[in-house]
Amino acid sequence: MEFAEKLYIGPSIRHRQERILSRMEQGKMVVSLYCITKAMNQTDLYDIYSYHELRQKYYKERSVTILGLAGSKEEAIGITAYMIQKLI
């Protein structure tokens, strides 16, 4: 698991950003965290996963680049929409 140079952070978790990143780097669990990643396939731009899902063996064996973090799935969708608008 890698982090993008420019990481998008949702407002609901911005105040605990450093603690969350530290726990993720240590491989520890973080409750209520959603990750926006580069898509695993060639047809999509981004994927949204719960952090709990990304800790599974399948994803540990693959190269996953995290582009953004959010405190809820709705917030992750909003951040993803913002990221897409930045592309246009």
Side-chain angles (χ1 to χ4, degrees):
M1 188 178 320
E2 301 173 9
F3 294 101
E5 229 176 270
K6 180 173 175 37
L7 193 62
Y8 292 88
I9 305 291
S12 70
I13 62 169
R14 193 165 287 132
H15 65 281
R16 56 187 183 121
Q17 171 182 346
E18 290 182 28
R19 184 165 193 261
I20 288 171
L21 292 174
S22 173
R23 291 185 64 83
M24 290 176 75
E25 288 170 351
Q26 295 171 15
K28 294 182 178 179
M29 188 58 198
V30 180
V31 179
S32 295
L33 183 67
Y34 287 83
C35 302
I36 302 160
T37 68
K38 288 184 179 178
M40 295 282 230
N41 60 43
Q42 300 297 321
T43 59
D44 298 328
L45 290 175
Y46 306 115
D47 290 327
I48 298 174
Y49 298 100
S50 72
Y51 178 61
H52 179 72
E53 185 176 352
L54 286 180
R55 294 183 68 225
Q56 295 179 12
K57 184 179 178 182
Y58 175 84
Y59 296 102
K60 287 183 179 180
E61 294 173 349
R62 284 156 178 73
S63 177
V64 177
T65 302
I66 296 177
L67 305 172
L69 300 172
S72 68
K73 188 150 191 172
E74 292 78 21
E75 187 176 54
I77 291 168
I79 293 170
T80 304
Y82 175 77
M83 292 166 62
I84 291 169
Q85 287 176 348
K86 297 282 280 187
L87 290 175
I88 298 172

Check your understanding: How many angstroms lie between atom CD1 of Ile9 and atom NE2 of His15, to the nearest 0.5 angstrom?
Key -> 12.0 Å
Study note, to complete from the structure: Output for pair (Glu75 CD, Ser32 OG), nearest 0.5 Å, gives 11.0 Å
Check your understanding: Please walk me through it: do Cys35 and Leu69 pass side chain to side chain contact (heavy atoms under 4.5 Å, CB included)?
Key -> CA-CA 5 Å; Cys35 302; Leu69 300 172; 3.7 Å; yes
Please set out all donor-acceptor pairs under 3.5 angstrom arising from side-chain atoms of residues 16-30, sequence neighbours excluded.
unit_1: Ser22; atom_1: OG; unit_2: Gln26; atom_2: NE2; d: 3.3
unit_1: Arg23; atom_1: NE; unit_2: Met29; atom_2: O; d: 3.1
unit_1: Arg23; atom_1: NH2; unit_2: Met29; atom_2: O; d: 3.0
unit_1: Gln26; atom_1: OE1; unit_2: Lys28; atom_2: NZ; d: 3.1

Point to revise | Qualifying side chain to side chain donor-acceptor pair (under 3.5 Å) pairs with a residue from residues 57-69, counting only residues at least two apart or across chains | key: Glu53-Tyr59, Tyr58-Arg62
Practice item. Report the hydrophobic cluster partners of Leu87, with the cluster defined as I, L, V, M, F, W, Y residues connected by side-chain heavy atoms closer than 4.5 angstrom, directly or transitively. Key: Tyr8, Tyr34, Ile36, Leu45, Tyr46, Ile48, Leu67, Ile77, Ile79, Tyr82, Met83, Ile84
**Study point:** Audit row: Tyr49, Arg55, side chain to side chain contact (heavy atoms under 4.5 Å, CB included) steps and yes/no
**Key:** CA-CA 10 Å; Tyr49 298 100; Arg55 294 183 68 225; over 6 Å; no
**Study point:** Exam field: side chain Asn41 to backbone Asp44, donor-acceptor pair closer than 3.5 Å
**Key:** yes
Study note, to complete from the structure: What one should report as the nearest heavy-atom pair of Ala76 and Ala70 is N-CB, 3.5 Å
Review point. Glu2 versus Val64: any side-chain heavy-atom pair under 4.5 Å?
Key: no
